[in-house]
Each structure stands twice: as structure tokens, then as C-alpha cells.
Amino acid sequence: MHDIRAIRDGRDAFVRGLARRGLANAAAAADDLLEQDKALRDVLTKLQIQQARRNDASKLIGQAKAKKDEAQAAALLAEVAGLKEDIQKGEAQQRELEEALKAALAVIPNIPAADVPDGADEKHNVPVEKRAYGKPPGLNAPKQHFEIGEGLGQMDFERAAKVSGARFVYLKGDLARLERAIASFMLDTHTSQFGYTEVSPPVLVKSNAMFGTGQLPKFSDDLFRIATDEGDPFWLIPTAEVPLTNYVADEILNEAELPLRYTAFTPCFRAEAGAAGRDTRGMIRMHQFSKVELVSITTPDQSASEHERMTDAAQEILKKLDLAHRVVTLCTGDMGFGAQKTYDIEVWLPGQNAYREISSCSNCGPFQALRMQTRFRNAEGKVKGPVHTLNGSGLAVGRTLVAILENYQQGDGSVAIPAVLQPYMGGKTKIEKS
RNA sequence: GGACAGGUGGCCGAGUGGUUUAAGGCAGCGGUCUUGAAAACCGCCGUGGGUGAAAGCUCACCGUGAGUUCGAAUCUCACCCUGUCCGCCA
């Protein structure tokens, strides 16, 4: 969410930022917002004069009645007779204008950071050369992960379809255990090596939380909604970013305790609206998948370096697993709604003969904090404004499992277990057909 | 799910229609005193908005929303949350 005062003070920079995002009529949108803002402030100014008069008169009425001066009281009552209706009208107007302005602001995406490359789509993403790691292994006729998993008899899409429909999967035996092992390994790395605090959060959240991180109001089609008999619905989280970031919603944090770093292993639920026909085979794109998420809450000064640090933490997992990967800076047209800068980490999948996204690390700046009303105060107790929030996958567990299957596959159909995961697999060194 | 009791600033807590401009206390910050500290004393001490160059003036906020009233922390309605007990339950 943008601060309307920031737009007021820097209208042109705001328009340029939105234009870089590819918004067609950025200038018109900005001017419309400023017009609404002006109308609201005019109403406020007028209303407050009336409220001040009413407050004065009411106080005098009270004093007159205390002195038993009924004549004076009656005179004052007559004076403010018409005021009540005007004030109620003004208050109604204020509510309407505030809601309209908030609704308009709520659907405007974040402004890209200055160092984000311009571009319309993923073809214009820019590789971060110094972050590239490893080389694709020279495998002879590599299989895709679902061929491997089904060959092992431990990955079952047909039964998942019977029970839940398309885009679900059953894992069994060692593959089920491997998912758990991957998650434990990731959490242990992030907590012990990078100072993240492990959290086990709710996976059903209220609309307010979805608004705070920016999924609502614009992207409800991508979410699963849980209707309740009466009252507000719940939403299934599409990522643990939602409960981890909203953990600090409506709070004023102390600067000394920042940055806060949280990590969580949760299932994630996505309706995948609009993804029909994409990645229909295998575990790449599911309605339910598990992910280890990283979230940092920082001061504005810290957020850029925290972004690099978070990306380091996510990459560290792939390095320990010795999986070849590269990192790209998303261009303005490919970034998510709330991000001002995003690194995608793409892992090599031999079966697909391609790099595929396995993590996305974003610095959202003050965008989510303004939606959540999360601020911080300095050592003197002075409120310094919104915090910055960052989130990243550290990593997508399902896709990590896919990457291990495809990169560690053996000619005989078995899969070697990476050394760092063997302690989590009871010392096993490979997964064989069950 | 049912019954009862509650929700007031960072914390505790007074306030049941009009000098409340939310008392008082604790914690915190600054100062006096002191070699230093403690004690004592003095001062400061919520958030957001409007207006203004600033000082200031002003509005809103006592769980949330709506309402009654010239005037609401206080009265009405709905909802949310917490506690206790009962029921159910991994």
C-alpha cells in the first residue's frame, strides 16, 4: 500500500515507478488518487471546524446546567441545533471518501527499486553472474522426476486424482521421508547458521492478514477460501509469508530488536487459476505443496543488505545439496505485486533440461508494513515510520525433492541421497524401488 | 457449542451522561542533590490525521462497527477476543 502523502509529495516519481511496472495510464491513476485525496481533506477540514464548535458548545451547555442556568443552556442548544445533522453528513462523507481512496490504493502494485532492470516479462530478467553455482551434471538420457518417482513406486498421482483431483500427489515410503528430511535440513540450516527463529504458524488466516501481505483484495482467484456458516471466511495460506509477516501486524516494534528473522515449514495452497495446461505432469505445480519460508522484518536502512543475506541463506541449501543453480534479478514486468526487488533462484532439472524456479526472495520495502500498520521506534522512543519486510523461499520443498530425484538419479532407477540428508534418512545412502 | 465474567495508554488501574483536558501508580527519559549510586523532589512521557514555514491550533481514537444525545470510556444493538466453568475433542 502506498502512503497517499508520499504520492502527494512525489507525484512524478510515483508515476515513473508505475510506468516502469507497465501500467498504461499511471499519470491518470495518480491524478485520480490526488483528486480523491483533495476531496477528502476538504471534507475533513470543514468537518473539524464544525466538530470544534460543537465540542465548545457542549462544554458550555454542561457548565450552564451545572449552574442551573437553564436559559443559557437553551440558548446554546438552539445555536448548535443544525450542527448535528451537518456533522453526521460530513462523517458519512468522510467514511465514503476514505474507503474509496483506500480501495484505490490497495490495488496499486509496489514501485520497483532503482536497480531493478526494466522489461515486460521473464525474458528480460537479468542473471546475477556472481551468484551462479555449479554445472549441470552430464547425465545419459535423464528421466523426469515423476518417471523416477513412479518407477520407485513411491509417487502416486493417480490415486491422488481419485481422492483429491488434479495437481495433488501421494508420496510414500522413502520419498515421503525424504520430504520430511529436506524440510528438517533446511530449518536446521536457517536456524543454526543464519539466526532465523523457527515458527509453526496457522495455515488458515483471516482476510485482514491476506490484505496485509497483498494477496487481497486483488488476487482472491489464486486462493482457496474456507466458507464458515456465518461470519468472515478463512483463507488457506499460499505461502507462510502470510502468517509470518502478519505476526507483527498493528505493532510498533523497537529498533533495537530488528531485524526479526522467522522461518517456517508449512503446506501451501494455491488455486493455480490461469495456470491450466502449464506443468500438468509431475510435482512442479500443485494445489498443495510444502515450503520452508524465510521472513525478515527490518529497518529501512537494513533491508537491502538483508535481501542479499536472505538470498545467501536460500542458496546455501542448494550448495550443501550440491545442486547447480543460477540467480536472476526479476525485471519490472515480472515482479510480484508487493515486491520492490526480487531474486529468483533457478535450479537445474536434468529431466526437463532447464533451470526452474525453486525460490523467490523479495524485498517489499514499506509496502506490506503500510498495509499492516507495522512501524518501529528508535531508542529515544520516537516512531520512525513503517518497517521493511522481506520474504523468500528457503526453499520450496517439493521442487527440491524434484531436483534431487533428477540430479541424483542412477542408471538402475535408484536415487542417491545427498550426503547432508543421509543423517535425516537414518543413514541410508540411496532410495530403491519398494 | 452453552453459561457467567471481562476488554481503558508500555504495564497496573480509577472512571456508569457534562471542570476527564482519561485520575493515580509502576516502568521509562531529562534534571536538582550526590564522589558515584540509591532515596527524595521537579519536569517530560500514547497513536493517527487536518492545518501551518514553524510555534501552535484542531479532530479522531477507551476491543471492533453501527446507533441514541447538544454532549458517550459511560446508554443501545451487532460482532470479535480473553478468562472461568460445562460439553465435545487430536
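This structure is a prediction, so every number in the text was calculated from the model and none was measured. Every chain is numbered from 1, with letters handed out A, B, ... down the list of sequences. Computed over heavy atoms, backbone and side chain alike; hydrogens, waters and symmetry mates excluded.
- Base pairing analysis places B:rU76 opposite B:rA66; the two distances defining the Watson-Crick or G-U wobble pair are each below 3.5 Å.
- Take the nearest nucleotide of RNA chain B for A:Gly62 and for A:Arg95: the residue whose nucleotide is more 5' is A:Gly62.
- Base-pair partner of B:rU51: B:rG56 (Watson-Crick or G-U wobble, both distances under 3.5 Å).
- The pair A:Lys46-A:Asp86 does not count as a salt bridge, with every side-chain nitrogen at least 4.0 angstrom from each carboxylate oxygen.
- The partner of B:rA5, taking Watson-Crick or G-U wobble pairs whose two distances both stay under 3.5 Å, is B:rU82.
- Taking atom CD of residue A:Glu98 and atom P of nucleotide B:rG50, one finds them 10 Å apart after rounding to whole Å.
- Of the candidates B:rU51, B:rG49, B:rC70, the closest approach to any side-chain atom of A:Arg5 belongs to B:rG49.
- Summarising the geometry, the separation between CG on A:Leu60 and P on B:rG18 is reported as 16 Å, rounded to the nearest angstrom.
- Side-chain contact of A:Gln315 with A:His325: a donor-acceptor pair under 3.5 Å is present, judged by distance alone.
- Taking for each of A:Ile4 and A:Arg375 the nucleotide of RNA chain B with the nearest heavy atom, the 5'-most of the two is the partner of A:Arg375.
- Counting only heavy atoms from C-beta on, A:Ile252 has its side chain closest to B:rU47 among B:rC70, B:rU58, B:rU47.
- The listed nucleotides are B:rC70, B:rA60, B:rG50; the one nearest the side chain of A:Ser58 is B:rC70.
- The residue A:Arg53 sits apart from the nucleic acid: no heavy atom pair falls under 4.0 Å.
- Nearest to the side chain of A:Arg41, among B:rU51, B:rG49, B:rU47, sits B:rU51.
- Ion pairing between a basic and an acidic side chain is recognised when a charged N comes within 4.0 Å of a carboxylate O; A:Glu91 and A:Lys89 show no such pairing.
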